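I have placed the structure first, in the form of structure tokens, so that the comments after it can refer back to it.
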There are 2 protein chains.
Amino acid sequence: MRSENPLMNQVLDAYKPLWSLKHAISLMSWDFETYMPRQGTEDRGVADSQLQMLHKDLLLDKDFVSLVESAKNLENLGDTEKGVVRVLDREIVRQIKIPKELTEAESLARIRGNMAWREARSKSDFKMFEPYLENMVEIKKQIAAKKGYEKHPYDALLDVFEEQLTVADMDRVFGTLTPRIQQILKKLRDSNSPFCQESNLTTIKYDIEKVDKLNQDILKLLQYDMKRFRLDISTHPFTETMGLNDVRITTRYEGSDFKRSIFSTIHEGGHALYNLQCDQSLSHTPIEGGTSLGLHESQSRFWENIVGRSIQFVHLIAPLIRDYVDHTKQATDEDLFFYFNNVKADYIRVDADEVTYNLHIAIRYEIEKKIFGNELRVREIPDYWNDRMEDLLGIRPTTDSQGVLQDTHWSSGLFGYFPTYTLGNLVSAIIASKMHKDLSEYEQDIQKGNFDPIRNWLRLNIHQYGSTYAPKDLLAKNFGECYNPDYFITYIENKYCV
Amino acid sequence: MRSENPLMNQVLDAYKPLWSLKHAISLMSWDFETYMPRQGTEDRGVADSQLQMLHKDLLLDKDFVSLVESAKNLENLGDTEKGVVRVLDREIVRQIKIPKELTEAESLARIRGNMAWREARSKSDFKMFEPYLENMVEIKKQIAAKKGYEKHPYDALLDVFEEQLTVADMDRVFGTLTPRIQQILKKLRDSNSPFCQESNLTTIKYDIEKVDKLNQDILKLLQYDMKRFRLDISTHPFTETMGLNDVRITTRYEGSDFKRSIFSTIHEGGHALYNLQCDQSLSHTPIEGGTSLGLHESQSRFWENIVGRSIQFVHLIAPLIRDYVDHTKQATDEDLFFYFNNVKADYIRVDADEVTYNLHIAIRYEIEKKIFGNELRVREIPDYWNDRMEDLLGIRPTTDSQGVLQDTHWSSGLFGYFPTYTLGNLVSAIIASKMHKDLSEYEQDIQKGNFDPIRNWLRLNIHQYGSTYAPKDLLAKNFGECYNPDYFITYIENKYCV
């Protein structure tokens, strides 16, 4: 990207070393989870923290900060240029407001907290984790205060993961979403819906090499270009972006319940496509790649759930599944469809179906809001959690590992992260609805494996912009919407309640 | 590593970001050759050059340079501390003396030269490459002048790859080595030695997956710890070190002539072991890992040639070979031994056996010396090359790609690099001779697969020190030798002329 404004070009040039450090840090992270020899952990830890510090030093370097300050005062900037300034300013402000001691304290609390959480989870004992969580919450409260907010301290944390997101937004979302999903869930259970019947495909064992080939074939069907992309294996699937022409995903192979592997692949592929289809002119700039966690999750969930779990997609990939997965020869397309879309109130968020998933997030959101609003104390979390599980899902965890200790996020200080999962679900449904209007053959295209129209639509309406626009601005500009839950509710009703 | 001297500790702390950048650059290089999606090349190029520049900026940062300057004046430093200061001072001096314009010109000449060389080699036309080589030589002459030297301009370039190495050293080496090797080669040919007879194992095709398992098994026999080490595949085998507990090698699979694959593996494994057995206290310091290219090559050649191509090692791995390589069931241990040690005057250096190999280096050394001594012009190189091939090996290349265009080194400005290959061969023989005195059962141990004594001996005498001592100092201190060619000549005579 070059600008007509020399100052902007100075900013872009000065950003190159920062981009390069991020490139290296991303590669180190990918390697850590995939190929790094086990005992390389300590070396990698040293390198990672040193490069993070170098990145921060360059970002907060006086000359760079004053360049960005000057750029903020420029007039007649185009949208991408404004985007560059917005993203850099946001990153600088976020880091400059937090005193070094607080950053270091958080870093230490993260390492210790994560270790304590692992131990506590394995023993299913929240009390072991409690003091570490207390400490982390205290640090995060101080960070929120330093960062500043208009209405609610939690706003300061929400904004880190989703620009401009507030408690007011999320209250509005869950105010509608939670009761409606509860109604739908009740209806499905009361009617003894086929979606609620356990599938016998869940327990069949599979051959990992064959399901790996299945995943590769699905990615080929979805038209991923292996010259710019790759698939590897890790315990927890993730997407890592080294640049707009080097985006990598991983998937998992657990040996049974093969849908977990293929939907991880499709999910991460959705994240990857967001970056792969960003306009190439944004390469090596601060606005390269997706604009927020919520928007990113909308892409992964669109492909995983709305495309991937549709009956049309099942028709498309069923022959491959019968080829590659032992004991599925006799399964009909409908068997596969109900296996993929089984609805069940479960304790564990990551295993939840698309109907119940957001109820898990609602509970986490409520807890985070109350903690940072000083309405709930850390030691009260487990009971609150279990009570709300009973209210919303009708089941009560009997152990801490089944409840409050299941997620890693809080141990690493990631407060404000969970809501972006729900935003992703909501936005995926907004997208599907808008896409449906533009692409009348959308469902037939999926069944035929003709993904060009869908990919192009996503590129034009979302991907190409990278982070040019803040998520709310992009949603308003291109869809005339915000995080409106109605589309998602309609989508769920249409799919599950007919 | 911590010092009793606070200033030394400041130096070591300030080095951490430099170490971390090297860590990242090494990983990026490993990834480039192994797993990176093809179109990631441009992104990787940007990141690599930016991190190299950051590294240079940190190295030449005023505060860091003056820290190192102060450390040079410290008294009562221990050997490792002196090593740290020596290595840093050397790196700073090398970079500080070369003006930025010259570094940039070299960088540009390298990229253009390498592209031109590829094109010229594919067309076998030196004339296409000549102007680029002229340009590179001109730049290198300026660099040599800036760097400074005592006697010969080429000394300035030799020292880059092998500390303190001079034309005087190499003249002494080849003055003895070249005629003696010529005599041996003549003797082998005249006597119609079994070493000179082509083996029919050369042409058999192999199953890549099986030979990969063979390589893994050989590495297991050699006791490599896969928690700190890994083997991957690349076109040109290499070793990359991310840290003392993360060292990775690659090998190649061409589908026939399986010795090329297994000896690449053993060769790179030798490089890796040098770093894996460095004292852990040197982690993240400037003296982590091997002290010079020549010493590094002595380790790879020791394992590849002196251990790997010995009859004892053949006895050890022959059963594995017969298991994994099709059509070798009937091959005797002696068949394999002669296949591994076939001696043949060939045009291509990388295919040369251990008898003729150094003659290839002698020619390159002579040319480099004459070029930088202004005794030979670039356009005269091809004829000089071919004449000397005829003199030393008795064969005359008929095309440029068979001759002067075969190696990539000059196109990338690597003048002074070739001699370190010969130094590696010479030092490997010095090591074997000294080891033999200390470990009387050395050969039986190889045959039994008992590598502990050999690995320990190498660790104690060489590996543990990392780069604490300059190569000449290490050779003098532990072996009372320099780059003495007599050991190598004796080794070759004993192996081939009995």
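Per chain, numbering begins at 1; letters A, B, ... match sequence-line order. Quick caveat, the model's predicted, so the values are computed rather than measured.
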Atom group of [X] that falls short of 4.5 Å from chain A, counting heavy atoms:
X: M53(B); value: neither
X: L27(B); value: both
X: R248(B); value: side chain
X: M226(B); value: backbone

Checklist entry - Are any side-chain N or O atoms of R230(B) and backbone N or O atoms of Y35(A), one a donor and one an acceptor, separated by less than 3.5 Å? => result yes
Checklist entry - Atom NZ of K16(A) and atom CG of L54(B): how far apart are they, to the nearest 0.5 Å? => result 13.5 Å
Item to check | From L276(B) atom CG to Q39(A) atom CD, the distance as rounded to the nearest 0.5 Å | outcome: 10.0 Å
Tell me which of these, [options], has more heavy-atom pairs under 4.5 Å with chain A than the rest.
options: R44(B), M242(B), E42(B); answer: R44(B)
options: S20(B), G243(B), P17(B); answer: S20(B)
options: L244(B), D232(B), D43(B), T41(B); answer: D43(B)

Next on the checklist: So which atom in G40(B) and which in D246(A) form the shortest heavy-atom distance, rounded to 0.1 Å?
Outcome noted: CA-CB, 4.0 Å
Checklist entry - Taking 4.0 angstrom as the limit, do R38(A) and D225(B) come out as a salt bridge? => result no
Next on the checklist: Evaluate H23(A) against M28(B) for side-chain contact (heavy atoms from CB on, under 4.5 Å), listing each step before the verdict.
Outcome noted: CA-CA 9 Å; H23(A) 173 96; M28(B) 291 183 344; 3.7 Å; yes
Checklist entry - Considering residues, nucleotides and ligands other than R110(A), do more than 12 of their heavy atoms fall under 6.0 Å from its CZ? => result yes
Next on the checklist: Other residues, nucleotides and ligands only: do more than 12 of their heavy atoms fall within 6.0 Å of CZ on R455(A)?
Outcome noted: yes
